[in-house]
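Down below is the structure, laid out as structure tokens.
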Amino acid sequence: LEQLSIYSIYLPLLIFIWKKPKQKSIGVFLIYLLYTVINDNALRYFDSANILLTHPKLENILLSLFTIIEYFCLAFTLNTFIRDKLYKRLLKIVSVFFYIVAIINLYVNVTSGQLATQKFDIIPIATSAIIFLSFCILALFEEMQHPLIGFIYNTYKFWIILGVMIYFAGTFFFFLYYTKMARDLKEFFWNINWISIILKNIFFSIAFLMPNEDPNREYYQEEYSSEN
């Protein structure tokens, strides 16, 4: 499963190159996909070259930075999906809170030397998971309530939101209780983590296979919503 999850990160990129989708926020989402591939390959290279053994903080710093950049890209994408202005404001407010927590946590860990002893930045990971799961549910609810959408699973938004939800739901409790788990339990949840990553990449790939959004239809949807 681990090897399959590693190779699965290339699938959305290949589909993207093939289909050339033009949905909203696609540029930022492409940055996320590229950064995921670069970060994953960098970690595996440093591990194979034994660089992580001599510089134990490096892996943790890269993972912490990935959490912050991943949050920005996914939050930006999710913000373009949400129609309700109140939900948009709430997402921006909690995003500021996340950045403060993540940056302070990274600074404290680096200055206190904790990065050398812990593998994951639990607080930012848990915070981002709670935020994304909550707002993904809100975004899906909006899509289901929209009067002009016939089949929600025929949209790009649905598969991106579903991928994000599966990814964070499958890894939330694992990272939250990782330090307290027994070794056999860690191995079990690692498999769940790999499966979550594979499903996320499959769903993102399906999203790119969806038809490009019609700007005129989107405008009509927004007009309809504002009138009601």
For residues 40-53, pull every pair meeting salt bridge (charged side-chain N to carboxylate O under 4.0 Å, His left out), keeping only residues two or more places apart or in separate chains. Asp40-Arg44
Side chain to side chain contact (heavy atoms under 4.5 Å, CB included) partners of [X], counting only residues at least two apart:
X	answer
Leu4	Ile198
Leu86	Asp84, Leu90
Phe97	Val101, Thr127

Can you find a pair of side-chain heavy atoms, one from [X] and one from [Y], that are under 4.5 Å apart?
X	Y	value
Leu33	Phe208	yes
Ile104	Tyr107	no
Ile160	Phe203	no
Leu63	Leu43	yes
Leu62	Phe46	yes
Leu65	Leu106	yes

What are the two closest non-hydrogen atoms of [X] and [Y], and how far apart are they?
X	Y	result
Ser128	Phe98	CB-CE1, 3.7 Å
Ile137	Met165	CG1-CE, 3.9 Å
Tyr32	Cys73	CB-CB, 3.6 Å
Leu78	Phe132	CD2-CD2, 4.2 Å
Phe81	Glu143	O-OE2, 4.2 Å
Leu91	Val94	O-CG2, 3.2 Å

Pair Trp194-Ile197, side chain to side chain contact (heavy atoms under 4.5 Å, CB included): steps then yes or no: CA-CA 5 Å; Trp194 303 136; Ile197 293 174; 4.1 Å; yes
Side-chain heavy atoms nearer than 4.5 Å, only ILVMFWY residues, links allowed to pass through others: does that put [X] and [Y] together?
X	Y	answer
Phe135	Met144	yes
Ile26	Ile31	no
Phe141	Leu133	no
Ile6	Tyr167	no

From [atom1] ([X]) to [atom2] ([Y]), nearest 0.5 Å:
X	Y	atom1	atom2	answer
Thr36	Asn201	OG1	CG	8.0 Å
Ser64	Ile123	OG	CD1	11.0 Å
Phe168	Lys200	CZ	NZ	8.0 Å
Leu74	Ile161	CG	CD1	11.5 Å
Leu162	Cys136	CG	SG	9.0 Å
Leu138	Tyr87	CG	OH	5.0 Å

Near-ring test Tyr35/Phe66, centroid separation under 6.0 angstrom: yes
Please find out if less than 6.0 Å separates the ring center of Phe29 from that of Phe204. yes
Could I get the full list of side-chain hydrogen bond (donor to acceptor under 3.5 Å, both in side chains) partners for Tyr71, not counting sequence neighbours? Ser95
Check Lys157 with Glu142, please: is the shortest side-chain N to carboxylate O separation under 4.0 Å? no
Pair up each side-chain donor or acceptor in residues 9-21 with any protein partner under 3.5 Å, not counting sequence neighbours, and list the distances.
from	atom 1	to	atom 2	distance (Å)
Tyr10	OH	Asn41	OD1	3.3
Tyr10	OH	Asn41	ND2	3.0
Lys20	NZ	Ile17	O	3.2

Lys88 side chain to Asn79 backbone, donor-acceptor under 3.5 Å: yes
